[in-house]
Amino acid sequence: MTGGAGALLLFGATGDLAKRMLLPSLFALHAEGLIAPNVAIIGTARSALDDAAYRAIAATALDTHVPADRMDATARATFLDRLHYVPLDASDPAGFAALGDRVGAARNGDLAIFLSTAPQLFEPTIAGLAAAGLTGDNVRIGLEKPLGTDLASSRHINDAVASVFPEQRTFRIDHYLGKETVQNLLALRFANLMFEPLWNAGGIEHVQITVSETVGLEGRIDYFDGSGSLRDMVQNHMLQLLSLVAMEPPAHFDARAVRDEKVKVLRSLRRIDRDTAPSHTVIGQYTKGAVGGVPVPGYVDELGKPSTTETFVALKAHVDNWRWKGVPFYLRTGKRLPTRQSEIIIQFRPVPHSMFAERGSRLHQNKLIIRLQPEEEISLMVMAKEPGLDRDGIRLREVPLDLSLTTAFAGQRRRIAYERLLLDLIEGDPTLFVRRDEVEAQWEWVDAIRDGWTANGMTPKSYPAGTWGPSAAIALTERDGVSWHD
Ligand code: BG6
């Protein structure tokens, strides 16, 4: 940790992320007194606004995105008062001097910068910050995705950042790491004795990670069509989840120890290449259908032009190390699927011998379900005997041992992932941010898959909106005798 920041400088301050997530998160932190009163919050973007006009935009964002039961009129007013705005065209170096002056005057301590801008503005912004003196030992920078579209472009951006900000002051955001249940995965694995002895190829048969969304393009036409689900979701969020499931126990809960273990997993991922892409991956694109009973258009209709971008991807991965030898990790994500559901399923192996078989009872293998969304809950499916005299045989049933975080910690507010990450950025704790070597290992793996798709001429198979992707995604697991947990 470094010293707490005396100012937060927000690039992309009028953008969609700022309105939906960053301003509501900062408001929540402010309302709870978690951001010291002397920390100035300065927004910057291209629009020619003054402080008052920016505060009006922020007020609308809060009124739209902060739930009514969390709104507090006094906190709203004091929060808006602490917002400042400096218009800046980041592609024009001339504007940075004025920004430097404003930030210099407002700042009293470290400076935390949050960059949520179009990727092409990263480099000019970094250069402008350096020219305006907004760099140095007590300045750190948070970077929002997309950080490139492949390994080469990601390296390019990372090099530009590294020329001014050393790695320990570069905070790459993957908002999944700010989610409470994701951190709970660490507590579950490393604060309990009973899971770890079984947490390996001896005890676990396979792992499933599903992040399904009901939304479509959400107006992010240019970005998403140039990205696709593999780069938008798998390269970052899903590989981070996988690495937290698969990593060795870190010796310390700190940035270096945790990230050292994650990167080892990412580097152990078996390459899916030209030979294996067709058998290990499935891509899909939604056509018109209905989600939750509401008719929705197909992807190309939303987009308004033909496209071969995937809105769904399912794949079978392996972590080639001693712990995970032969254990498949099935990953699946997509847009316009039937439900919004993010979960990790740990499927344990069967008991070596069942004495209940001869008494007419079939056992289900234990399963641990870690649900991130829509509710945060963890269930361990175990076998239990149904009450009765068992005169017709013993009846066993699978029942959940539930840890509903909403119930167990009732009364404690569920936070937006960005609250945690913004606070960590302001306070200078990089543990929940992604290190450069992790990002590059992620890209390397994803690039090989995309190369495999191109080399094999693979294009997305269609699936009607509101279904679980192309039927080939079901076949991907069924071939191994595994069903997706829907
Ligand atoms: C973002 C992706 O990183 O994550 C979006 O760009 C996706 O396409 C979003 O919708 C999902 O985040 P969450 O927190 O809603 O699961």
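Note that ligands are numbered from 1 as they come in the structure, with each ligand's atoms numbered from 1 the same way. This chain uses plain numbering: 1 for the first residue, then up along the sequence. Since the model is a prediction, treat every value here as computed from it, not as a measurement.
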Participant: Could you tell me the residue and atom name of the protein heavy atom closest to atom 11 (C) of ligand 1, and the distance to it rounded to 0.1 Å?
Facilitator: E213 OE2, 3.5 Å

Participant: For atom 8 (O) of ligand 1, what's the nearest protein heavy atom and its distance?
Facilitator: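 That would be D232 OD2, 2.6 Å.
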
Participant: Would you mind listing which atoms of ligand 1 come within a distance below 4.0 Å of any non-hydrogen atom of R220?
Facilitator: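 Ligand 1 atoms under the 4.0 Å threshold to R220: 2 (C), 5 (C), 6 (O), 8 (O).
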
Participant: So, does R323 use its side chain to make a donor-acceptor pair with the main chain of W199 at under 3.5 Å?
Facilitator: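 Yes; judged by distance alone, with no hydrogens or angles, the pair exists.
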
Participant: Sub-3.5 Å donor-acceptor pair from the side chain of Q285 to the main-chain atoms of G298, do we have one?
Facilitator: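 The answer is no, because no donor-acceptor pair under 3.5 Å joins these two groups.
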
Participant: With ring pair (Phe, Tyr, Trp, His ring centres under 6.0 Å) as the rule and sequence neighbours excluded, what pairs involving residues 434-459 come up?
Facilitator: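 Sorted pair list comes back empty.
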
Participant: Mark up the atoms of ligand 1 that fall under 4.0 Å of a heavy atom belonging to Q373, in ascending order.
Facilitator: 13 (P), 14 (O), 16 (O)

Participant: Can you report which non-hydrogen protein atom sits closest to atom 12 (O) of ligand 1, along with the distance?
Facilitator: H175 NE2, 3.1 Å

Participant: Of all the non-hydrogen atoms in the protein, which one sits nearest to atom 15 (O) of ligand 1, and at what distance?
Facilitator: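 Here the nearest protein heavy atom works out to R340 NH2, 3.1 Å.
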
Participant: Would you mind checking which non-hydrogen protein atom is closest to atom 14 (O) of ligand 1, with the distance to 0.1 Å?
Facilitator: K179 NZ, 2.6 Å

Participant: What closest approach, in Å, do L476 and D480 show between heavy atoms, and which atom pair accounts for it?
Facilitator: O-OD2, 4.1 Å

Participant: At less than 4.0 angstrom from any non-hydrogen atom of K335, what atoms of ligand 1 do you find?
Facilitator: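 Counting atoms of ligand 1 from 1, those under 4.0 Å from K335 are 5 (C), 7 (C), 8 (O), 10 (O).
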
Participant: How long is the span from the NZ atom in K179 to the CG atom in L372, to the nearest 0.5 Å?
Facilitator: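 Answer for the NZ-CG pair, K179 versus L372, is 6.5 Å.
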
Participant: Enumerate the atoms of ligand 1 whose separation from the nearest heavy atom of M233 is less than 4.0 angstrom.
Facilitator: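 Those qualifying, in numeric order: 2 (C), 4 (O), 7 (C).
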
Participant: Measure the distance from atom 16 (O) of ligand 1 to every protein heavy atom, then report the residue, atom name and distance (to 0.1 Å) of the closest one.
Facilitator: Y176 OH, 2.4 Å

Participant: Quick check: closest heavy atoms across Q341 and P374, and the distance to 0.1 Å?
Facilitator: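 Closest approach of Q341 to P374: CA-CD, 4.3 Å.
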
Participant: Which atom names give the shortest non-hydrogen contact between P87 and T44, and what distance separates them?
Facilitator: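 For P87 and T44, the tightest heavy-atom pair comes out as C-OG1, 4.3 Å.
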
Participant: Measure across S462 and T287 and return the closest heavy-atom pair with its distance rounded to 0.1 Å.
Facilitator: CB-CG2, 3.6 Å

Participant: Under 4.0 Å from any heavy atom of H237, which atoms of ligand 1 are there?
Facilitator: 1 (C), 3 (O), 4 (O)

